[in-house]
Visitor: 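The structure follows.
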Amino acid sequence: MSQDFDVIVIGGGPAGYPCAIRAAQNKLKVACIDEWQNRDGSYAFGGTCLNAGCIPSKALLESTELFHRAQTEFAAHGITVGAVQMDVAAMQARKAKIVKGSTMGILALFKSAGVTALQGHGKLLKGNRVEFIGRDGAKQELIAKHVVLASGSTPMALPSVPFDNDRVVDSWGALEFAAVPKKLGVIGAGVIGLELGSVWRRLGAEVVVLEALDTFLPMADAAVAKEALRHFQKQGLDIRLGAKVTGCEKSKDGVLLQFADAKGNQSVVVEKVVVAIGRRPYTAELLGEGAGVELDARGFIKVDHDCRTGAANVWAIGDVVRGPMLAHKGKEEGVVVADLIAGKVGEVNYDLIPSVIYTAPEIAWVGKTEEQVKQAGGAYKVGTFPFLASGRARAMEAANGFCKIVADKDSDEILGVHIIGPMAGELIAEAVLAMEYSASTEDLQRTMHAHPTLSEAMHEAALNADKLAIDIPNR
Ligand code: FAD
Ligand code: AMP
């Protein structure tokens, strides 16, 4: 292998691998180094997202949602089935097959794009040299004109409830349970905690979610968060807000979780615990002496708006830099950096990063919440449309939630779109595109939406912003 490259990307997750592919599309000579190892010791590209995050969680959410719907909705359709059973091993095998297919797919993409895939550890040394230790332990020094750091993140530990990879697990562990725990404690009511809690709740686990903050989903529009909490509680998720976990005691019966809430010190005994209190940037053994890359106080690699670090021709992208820890944010950064390296133009629009929570109902938003717009002080208007009034949602037996649009009262520009309801994560793409083009509610009002589709909710919400909705009384 020649040791000189135009670009070396360290990290082959959803930030790193798209960066490598785009750099190769830009006719650069590229290598991507990744050290991800699965529990069976096998190496796999794709990082957290494909191996232990986005993809396996969505596979389990799909299986368990179908299981739940078979139990609760089939009768309404007139479908009679016997007792519905879940074979957890088969569900996990399906998930593993999806993950394997996706991660192998990256190797195929690298091959077709001409990216050199290197499995092992990469470390940035002084002067754009990279130390690579391969799977066989052999060490070699590579040189690149540009190095892109995409080393991702790792779950945050809670010192008072240490991981033991058996009864106290991180999100990866909670995706791998071989049986449904009788009672599951989830620490943290963030996106990951809610998705994993939903998976095991749907399969019959009693789930208690302990969240230190008093506010539920503080990053979401308050109306959406309120509606979500109502649904999750109805589904049996026991969500305790203002409950800060302070410690645990393990016994043969399970784990006693200690927490403090407004009433004082409390405890709950559970069979398994998922610690889902957030993730931290991962830079272990990444930066050699004099590499010239700085970390901020929270351990993120310091970068400018265009993902340049302080070291010449060294860039950093994805979860290891500031901004929301989301796969699509990392992917956009990777593609833009590869274009900037090639002398092209590109910029990530950090104001329009969509957020999706893949629960049922699904939750998705982009732009500013009503609370943020109100706080900014300008005049604004709101249009909403409930899925109860959507023919398609009713036909799907999924007429929950609503679509809400917040727009500037004077210019009519859309400032934020917030959806809770069926396929919210798919519907939000229209809002992202509209806002990318600085659309007004009138633009959406004058855009024809097929009938009957869920997307009509967006159309009607835009109309409702001017009290012109057709399918609901305008208020
Ligand atoms: P990572 O995916 O963490 O990849 C980094 C890679 O670099 C890893 O393979 C790592 O082994 C490798 N690496 C690190 N250091 C080195 C080194 N020195 N040498 C060689 N290799 C190295 N995001 C979404 O957008 N949608 C979702 O639905 C979603 N669901 C999630 C569900 C769960 C349970 C979790 C945990 C996360 C989820 N995320 C989701 C977040 C998403 O997984 C991350 O934002 C994304 O993986 C970040 O991509 P990345 O490439 O920056 O880092
Ligand atoms: P996120 O950062 O979105 O993944 O969410 C993690 C959640 O965990 C946040 O809402 C935190 O408030 C919550 N959290 C952090 N530490 C604790 C703790 N000790 N007990 C309960 N919740 C916690």
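The first residue in the sequence is number 1, and the count goes up from there. Ligands are counted one by one from 1 in listed order, and the atoms in each one are counted from 1 as well.
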Visitor: List the closest protein heavy-atom neighbour of atom 3 (O) of ligand 1: residue, atom name, distance to the nearest 0.1 Å.
Guide: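 Result for atom 3 (O) of ligand 1: T48 OG1, 2.7 Å.
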Visitor: Does ligand 1 have a heavy atom under 4.0 Å from the side chain of K329, from its backbone, from both, or from neither?
Guide: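 It is neither part, as no heavy atom is under 4.0 Å.
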Visitor: Just heavy atoms, cut-off under 4.0 Å: does I192 contact ligand 1 by side chain, backbone, both, or neither?
Guide: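 It is the side chain that gets close, since no backbone atom is under 4.0 Å.
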Visitor: Does the residue G330 have a heavy-atom contact with ligand 1, meaning some pair of atoms that are separated by less than 4.0 Å?
Guide: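 No, G330 has no heavy atom closer than 4.0 Å to ligand 1.
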Visitor: For ligand 1, note which part of A327 has a heavy atom under 4.0 Å away: side chain, backbone, both or neither.
Guide: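 The part of A327 near ligand 1 is both the backbone and the side chain.
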Visitor: Contact between ligand 1 and Q37 is defined here as a heavy atom of the residue under 4.0 Å from a ligand atom; is it met?
Guide: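 It does not; every heavy atom stays at 4.0 Å or beyond.
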Visitor: Mind checking whether F110 and F45 have parallel, tilted or perpendicular rings, split at 30° and 60°?
Guide: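 F110 vs F45 ring planes: perpendicular.
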Visitor: Have a look at P18, C54, P14, A52 and point out the one with the heavy atom closest to atom 38 (C) of ligand 1.
Guide: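 Minimum heavy-atom distance to atom 38 (C) of ligand 1 goes to C54.
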Visitor: Using the six-membered ring wherever Trp is involved, compare the ring planes of Y350 and H305 and label them parallel, tilted or perpendicular (cut-offs 30° and 60°).
Guide: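 Y350 vs H305 ring planes: perpendicular.
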Visitor: Considering only heavy atoms, does F45 approach ligand 1 within less than 4.0 Å through its side chain, its backbone, both, or neither?
Guide: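 Looking at F45 and ligand 1, no heavy atom falls under 4.0 Å.
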Visitor: Test your reading of the model: is there a side-chain donor-acceptor pair from D87 to the backbone of A89, 3.5 Å cut-off?
Guide: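 Flag set: sc D87 to bb A89 pair under 3.5 Å.
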Visitor: Does the cation-pi check pass for K244 over F259, that is, NZ or CZ under 6.0 Å from the six-membered ring centre and within 45° of its axis?
Guide: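 Here K244 fails the 6.0 Å and 45° test against F259.
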Visitor: Side chain, backbone, both or neither: which part of W172 has a heavy atom under 4.0 Å from ligand 1?
Guide: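 For W172, no heavy atom sits under 4.0 Å from ligand 1.
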Visitor: What do you reckon, does G120 put a non-hydrogen atom under 4.0 Å from ligand 1?
Guide: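 Yes, that is the case, since the closest heavy atom of the residue is under 4.0 Å from the ligand.
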Visitor: Verify, without hydrogens or angle tests, whether S102 (side chain) and L50 (backbone) share a donor-acceptor contact under 3.5 angstrom.
Guide: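 The answer is no, because no donor-acceptor pair under 3.5 Å joins these two groups.
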Visitor: Under 30°, 30 to 60°, or over 60°: which ring-plane class applies to W200 and F177, parallel, tilted or perpendicular?
Guide: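 Geometry flag for F177 against W200: tilted rings.
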Visitor: Would you check ligand 2 and list the protein residues that come within less than 4.0 Å of it by any heavy atom, ordered by chain and number?
Guide: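 Under the 4.0 Å cut-off, ligand 2 touches L158, I187, G188, G190, L210, E211, A212, L213, A243, K244, V245, A276, I277, G278.
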